[in-house]
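Atoms considered below: every heavy atom in the structure, side chains included; atoms not considered: hydrogens, waters and symmetry mates. Here is how names work: the chains are called A, B, and so on, in the same order as the sequence lines, proteins then strands, and each is numbered from 1.
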Protein chains: 2
Amino acid sequence: MECSCGCLINSELAKKVKSKMLKDDILFEIAECFKIFGDSTRIKIIYALKLSELCVNDLAFITNSTQSAISHQLRILKQAKLVKAKKIGKVVYYSLKDNHVIKLFEIGREHVEEL
Amino acid sequence: MECSCGCLINSELAKKVKSKMLKDDILFEIAECFKIFGDSTRIKIIYALKLSELCVNDLAFITNSTQSAISHQLRILKQAKLVKAKKIGKVVYYSLKDNHVIKLFEIGREHVEEL
DNA sequence: TCCTTATATGAATAATTGCTCATATATTAA
DNA sequence: TTAATATATGAGCAATTATTCATATAAGGA
């Protein structure tokens with residue numbers, strides 16, 4: 001028995017596939033990226049920002065959420081480099097950082113609509 | 001004060017954006033889709049299956065995980081229609097359901113590698 | 001200065017979730 | 001039939017997480 005899985009049929013194949021796997025930390029980062037998109041509130045924020053640059057209170061209004069909840073989520077989105085912020089007076093305007101965010105959203109949307 | 005957010009500057013904009021938002025249930029489904037990709041173990045499974053059709057034990061070996069953990073995650077992936085299963089004898093072979101899964105994975109990977 | 005508005009944030013809570021462990025089912029071999 | 005192998009699954013647990021609440025900070029207006 002060659003591999004730890006105990007599956008005799010595919011042991012050679014399994015070793016080959018294992019050797020071709022991306023590094024764990026890369027796969028972890030990819031999962032972390034998707035995790036950001038995997039929350040209703042954050043997806044709503046992303047979609048709203050796809051339509052327009054918006055301030056925190058407007059985002060709260062648009063998403064039927066509270067200012068606090070949105071602010072917490074915006075911090076997460078900012079840390080993930082998905083949105084950027086611009087402060088004018090006491091108002092902070094948020095917008096999507098780049099088109100990659102929109103691209104990812106659209107592919108996800110397509111996938112859902114095809115099911 | 002027109003909108004519940006109390007933000008006078010953007011109240012008209014906010015109402016306009018809100019009217020253009022996708023339905024909550026659509027956005028929820030999109031988030032749910034991304035959520036599936038947002039776990040290290042599942043991403044490892046998806047990447048491994050991108051390389052080859054594999055049985056449960058091989059997947060456990062390749063991902064350094066247990067048979068039980070992988071089986072649980074495969075059930076989630078199957079329910080989400082991301083993988084399909086084919087039983088031959090006592091071995092169950094899993095593979096990706098379609099190229100959309102690969103496409104989503106690749107866009108996520110690109111995004112991570114650009115950061 | 002005092003008040004209001006806009007945003008941020010720490011703590012607490014409730015809900016979700018991924019894993020482990022034990023066990024069940026199914027198939028094949030002896 | 002009995003044993004071994006491959007997979008599935010329910011219960012319990014630990015960790016994560018999204019929200020709420022209270023409060024802090026910051027800016028503008030009276």
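The list of salt bridge (Lys or Arg N to Asp or Glu O under 4.0 Å) pairs with a residue in residues 60-74 of chain B, not counting sequence neighbours, is empty. A salt bridge (Lys or Arg N to Asp or Glu O under 4.0 Å) check over residues 24-37 of chain B, counting only residues at least two apart or in different chains, returns the pairs K44(A)-D24(B), E32(B)-K35(B).
To the nearest 0.5 Å, the span separating NZ on K90(B) from SG on C55(B) amounts to 11.5 Å.
Remark: P of dT17(D) and CZ of F34(A) are 17 Å apart, rounded to the nearest angstrom. For I88(A) and dA26(D), the CD1 to P distance is 19 Å, given to the nearest whole Å. At whole-Å resolution of the value, CG in L77(A) and P in dA8(C) are 12 Å apart. Atom OH in Y93(B) sits about 13 Å away from atom P in dA8(D), given to the nearest Å. Following rounding to the nearest Å, K86(B) (NZ) and dT7(D) (C1') show an atom-to-atom distance of 16 Å. Atom CZ in F37(B) sits roughly 18 Å away from atom C1' in dG18(C) (whole-Å rounding). Computed from coordinates, the I43(A) CD1 to dT17(D) P distance equals 17 Å when rounded to whole Å. Rounded to an integer number of Å, the gap from K90(A) NZ to dA6(C) P is 6 Å.
Looking at which nucleotide of DNA chain D each of G38(A) and V56(B) is closest to, the 5′-most match is held by V56(B).
Taking 3.5 Å as the limit, the base of dA8(C) and the side chain of Q67(A) contain a donor-acceptor pair of atoms between them.
Residues satisfying the side chain to side chain contact (heavy atoms under 4.5 Å, CB included) criterion with K16(B), sequence neighbours excluded, are K20(B). Not a single ring pair (Phe, Tyr, Trp, His ring centres under 6.0 Å) links Y94(B) to another residue, sequence neighbours left out. By the side-chain hydrogen bond (donor to acceptor under 3.5 Å, both in side chains) test, E113(A) pairs with R109(A), sequence neighbours left out.
For the pair Y94(B) and dA8(D), the criterion of a side-chain N or O lying under 4.0 Å from OP1 or OP2 is met. Checking the phosphate oxygens (OP1, OP2) of dT7(C), a side-chain nitrogen or oxygen of N57(A) falls inside 4.0 Å. Close to dT17(C), at under 4.0 Å from its OP1 or OP2, lies a side-chain N or O of K35(B). Dashed line: the shortest gap from a side-chain N or O of R75(B) to OP1 or OP2 of dT7(D) is not under 4.0 Å.
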When you compare the protein's N or O atoms with those of nucleotides 19-21 of chain C, which come within less than 3.5 Å of each other, and at what distance?
{"residue": "dC19(C)", "atom": "OP1", "partner": "T41(B)", "partner atom": "OG1", "Å": "2.5"}
{"residue": "dC19(C)", "atom": "OP2", "partner": "Q73(B)", "partner atom": "NE2", "Å": "2.7"}
{"residue": "dT20(C)", "atom": "OP2", "partner": "T66(B)", "partner atom": "OG1", "Å": "3.1"}
{"residue": "dT20(C)", "atom": "O4", "partner": "H72(B)", "partner atom": "NE2", "Å": "3.2"}
{"residue": "dC21(C)", "atom": "N4", "partner": "S68(B)", "partner atom": "OG", "Å": "2.6"}

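When distances run from any side-chain atom of R42(A) to the nucleotides dA6(C), dT7(D), dA18(D), the shortest one goes to dA18(D).
Counting only distance, with no hydrogens or angles, the side chain of K81(B) and the backbone of K97(B) share no donor-acceptor pair below 3.5 Å.
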